[in-house]
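Take a look at the structure below.
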Number of protein chains: 2
Amino acid sequence: MRESTALDRMICFQLYAASRAMTSLYRPHLDPHGLTYPQYLVMRVLWHDGPTTVRDLGRTLRLDSGTLSPLLKRLETQGHIRRERGTHDERTVWIHPTPTGTRLQTDIGDLSHALACATGLTTDELHQLHTLLHRANGTAPTPPGGTPA
Amino acid sequence: MRESTALDRMICFQLYAASRAMTSLYRPHLDPHGLTYPQYLVMRVLWHDGPTTVRDLGRTLRLDSGTLSPLLKRLETQGHIRRERGTHDERTVWIHPTPTGTRLQTDIGDLSHALACATGLTTDELHQLHTLLHRANGTAPTPPGGTPA
DNA sequence: CACCAATCAGTTGTGCACAATTGAATTGGG
DNA sequence: CCCAATTCAATTGTGCACAACTGATTGGTG
């Protein structure tokens, strides 16, 4: 409908464009709280799992320390997290959400509905997309329940 | 299967992870030619459409001049493209593929098969994914024919 | 014609991504 | 116990993305 380039036929480009578009949809919701999208993902892991090591954050988000270290430094500067060297294993660094960081969860609220609507896809299509992306990512989709954007 | 975080249920994260994974799949194929994935996308547009303006490249790839200007400068330094101010409208800059840049197309060859296989999805699933991403991107999928990765 | 708004490419500044490397801490084998 | 291999976070360097801005060019209107 828009362009007639070979790009139209490339899944990789659609994936690339869709990922950036999704980030843009989050931006207006996160900007007021001073968070970027990757920072928001880190906070979500902390809200859900509690204190975590940098190593586990990397495994979960599939990011390495080269990305996470400066990102976590910025979250610490903003007062959302606290870093602490492990006592048992001094190589690991534990990331704790601060009270400020925890309060962000309720301040930001649930974005999934607003974001799901913004895609223009039906609930069924979102579910299909979710399943396909899971398979492409080599993970198993969580079978029951809704599918947040 | 891997993590039990709320991230599992977020399409946005699956999209973000899948997009980066796809780029990683391209990397070993593009690195030997000194191209990055976004640079490869630019070259594909030039191979398909011939000389193009920076403005149209931006519309096609959904990138602004802040991203394209330095990227094109690097492609020019590598000898793959040539820039030329428009004569009719001196605001626009035309991007021409050089012979070297054109030769890249045959040198790199067709990556779609290798990439499609690497995802582990069936042809049917790739087609579904393609259609869903198109709809999410607000574009119409090109109905007939195969679906390169 | 004069002027003003819009268009276009480029620059600046911030923040990811990721390869490669560093250096400290830990682990395992002999 | 000792030392070589591994693990872990951080750092360095390159290249996107994108917001905000600049400055030149163009097009439309009075």
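Letters A, B, ... are given to chains in the order of the sequence lines, protein chains preceding strands, and every chain is numbered from 1.
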For B:D56, does its backbone N or O pair with a side-chain atom of B:T53 as donor and acceptor, under 3.5 Å? yes
When rounded to whole Å, the CG to P distance for the pair B:D64 and D:dA19 reads 7 Å
Assigning hydrophobic clusters by single linkage (Ile, Leu, Val, Met, Phe, Trp, Tyr; side-chain heavy-atom cutoff under 4.5 Å), is B:W47 placed with B:I81? yes
For A:E76, is there an ion pair with A:R74 - N to carboxylate O distance below 4.0 angstrom? no
Figure out the CZ/P separation between A:R27 and D:dA20, and round it to whole Å. 10 Å
Are B:W94 and B:L68 linked, directly or through intermediate hydrophobic residues, by side-chain heavy-atom contacts shorter than 4.5 Å (ILVMFWY only)? no
Heavy-atom contact window of chain A on DNA chain C, given 5' to 3' at under 4.0 Å: C:dG15 to C:dT26
Here the distance between atom C1' of D:dC8 and atom CZ of A:R59, to the nearest Å, is 10 Å
Residue B:R91, side-chain heavy atoms: nucleotide from D:dT25, D:dA9, D:dC18 that is nearest: D:dT25
Please list, pair by pair, any protein nitrogen or oxygen found under 3.5 Å from a nitrogen or oxygen in nucleotides 10-12 of chain D.
residue, atom, partner, partner atom, Å
D:dA10, OP1, A:R83, NH2, 2.9
D:dA10, OP2, A:S69, OG, 2.9
D:dA10, OP2, A:R83, NH2, 3.1
D:dA10, N7, A:S65, OG, 2.6
D:dA10, N6, A:S65, OG, 3.4
D:dT11, OP2, A:K73, NZ, 3.2

A:Y40 meets the ring pair (Phe, Tyr, Trp, His ring centres under 6.0 Å) criterion, sequence neighbours left out, with A:Y26
Indicate yes or no: at least one non-hydrogen side-chain atom of B:E84 is less than 4.5 angstrom from one of B:H96. yes
Using side-chain heavy atoms (C-beta onward) and a distance below 4.5 Å, is A:V54 in contact with A:R83? no
Beyond-backbone contact of B:L46 with B:H80, side-chain heavy atoms, under 4.5 angstrom: no
